[in-house]
Amino acid sequence: MTATAEKKYTIQEYLELECRTGERYEYYNGKPQIMAGGTINHNRITRNVSTELDLIFKEKPGLELFGNDQKVYLPDFNFYVYPDAVVVTDGPIMTDKDADALINPLLIIEVLSRGTEKYDRGDKFAYCCTLPTFKEYVLIRQNATHVTSFFREEPHLWRESQVQGLEQEVLFRSVDVRLALQLIYRKVEFPTAG
């Protein structure tokens with residue numbers, strides 16, 4: 001992600017920039033950051049997870065999944081972020097019609113890339129932890145069959161779990177769903193050692 005300019009933007013200017021350009025920008029401390037495009041593996045993983053969860057959620061009517069075009073607002077920091085997928089329970093709660101940003105994520109899923117992995121594992125997770133409804137953070141590697149989950153057991157206590165290998169499954173605790181890594185990584189091609 002790169003900054004659009006050195007100028008500090010107000011929230012209204014940021015929202016107008018998104019509207020005017022049709023691009024997605026995360027917003028930090030007055031600075032819009034354009035969202036980079038994903039790789040084919042990134043897009044496959046995001047599609048696979050979203051498709052599988054959406055099918056399961058048909059039997060769990062209180063849960064709703066949103067894709068990577070849905071921004072989330074972090075009021076403690078006055079930031080806007082775009083997760084790869086986000087799940088809410090009992091309907092979305094939005095900031096306002098102009099921002100069109102969720103403030104009640106239950107589960108956030110990120111597919112890691114070289115350019116965003118450090119941020120996704122660090123600051124982005126810390127920022128999202130300030131949302132009281134946020135209970136689970138799932139990080140999916142795209143260059144190996146490896147999923148890391150963080151689940152909030154108490155307000156300031158998160159449990160980390162990891163699974164790897166196509167024969168394994170990951171438990172999304174916040175929504176009580178298990179997904180096989182084989183489904184998550186369907187059609188994903190891994191780099192070969194050369």
Point-to-point distance, once rounded to the nearest 0.5 Å, from [atom1] of [X] to [atom2] of [Y]:
| X | Y | atom1 | atom2 | answer |
| --- | --- | --- | --- | --- |
| Q182 | R186 | CD | CZ | 11.0 Å |
| D176 | L171 | CG | CG | 7.0 Å |
| L106 | L131 | CG | CG | 11.5 Å |
| F172 | I56 | CZ | CD1 | 8.5 Å |
| E110 | I45 | CD | CD1 | 12.5 Å |
| Q162 | L139 | CD | CG | 9.5 Å |

Note to self: Using the side chain to side chain contact (heavy atoms under 4.5 Å, CB included) definition, which of the options N68, V86, L53 pairs with I109?
What the structure shows: L53
Margin query: Tell me which one of N41, V49, N48, V147 satisfies side chain to side chain contact (heavy atoms under 4.5 Å, CB included) with Y185.
Written below: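 Answer to the side chain to side chain contact (heavy atoms under 4.5 Å, CB included) test with Y185 among N41, V49, N48, V147: V147.
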Identify the two heavy atoms, one from [X] and one from [Y], that lie closest to each other, and give their separation to 0.1 Å.
| X | Y | result |
| --- | --- | --- |
| C128 | L74 | CA-CD2, 4.0 Å |
| L181 | G165 | CD2-O, 3.5 Å |
| G91 | N104 | O-ND2, 2.9 Å |
| P105 | T133 | O-OG1, 2.8 Å |
| K7 | E13 | NZ-OE2, 3.2 Å |
| V188 | R44 | CG2-CB, 4.1 Å |

Next item on the list: Evaluate whether atom CG of L166 has more than 12 neighbouring non-hydrogen atoms of other residues, nucleotides or ligands under 6.0 angstrom away.
Entry: yes
Checklist line | Listed once per pair and sorted, the salt bridge (Lys or Arg N to Asp or Glu O under 4.0 Å) pairs that draw on residues 138-153, sequence neighbours left out | finding: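 Residue pairs passing salt bridge (Lys or Arg N to Asp or Glu O under 4.0 Å), neighbours aside: E153-R159.
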Is any side-chain heavy atom of [Y] closer than 4.5 Å to one of [X]?
| X | Y | value |
| --- | --- | --- |
| H146 | I140 | no |
| V170 | I184 | yes |
| R173 | S149 | no |
| F66 | V87 | no |
| N43 | V111 | no |

Next item on the list: Give the intermediate values and the outcome of side-chain contact (heavy atoms from CB on, under 4.5 Å) for residues F57 and V177.
Entry: CA-CA 9 Å; F57 290 170; V177 168; 4.2 Å; yes
Next item on the list: Before giving the answer on side-chain contact (heavy atoms from CB on, under 4.5 Å), spell out for V72 and Y82 the whole-Å C-alpha distance, their side-chain angles and the decisive distance to 0.1 Å.
Entry: CA-CA 6 Å; V72 172; Y82 282 94; over 6 Å; no
N/O donor-acceptor pair under 3.5 Å between [X] side chain and [Y] backbone:
| X | Y | result |
| --- | --- | --- |
| Q164 | T145 | no |
| Q70 | D100 | yes |
| K118 | G115 | no |
| K8 | K31 | no |

Tell me whether [X] shares a hydrophobic cluster with [Y], the cluster being built from Ile, Leu, Val, Met, Phe, Trp, Tyr side chains joined at under 4.5 Å.
| X | Y | result |
| --- | --- | --- |
| L107 | V88 | no |
| L102 | V81 | yes |
| L183 | L63 | yes |

Margin query: Do K124 and Y119 form a cation-pi contact, if we require the NZ or CZ to be under 6.0 Å from the six-membered ring centre and within 45 degrees of the ring's axis?
Written below: no
Check: Does E169 come within less than 4.0 Å of R178, counting only side-chain N to carboxylate O?
Finding: yes
Do [X] and [Y] have ring centres separated by under 6.0 Å?
| X | Y | value |
| --- | --- | --- |
| Y127 | F77 | yes |
| F125 | W158 | yes |
| F79 | Y73 | no |

Next item on the list: Please assess E160 against T148 for the test side-chain hydrogen bond (donor to acceptor under 3.5 Å, both in side chains), listing each intermediate value before the final yes or no.
Entry: CA-CA 7 Å; E160 179 181 348; T148 304; 4.9 Å; no
Item checked: From CA spacing to verdict: side-chain hydrogen bond (donor to acceptor under 3.5 Å, both in side chains), D54, S50 -> CA-CA 6 Å; D54 197 45; S50 296; over 6 Å; no
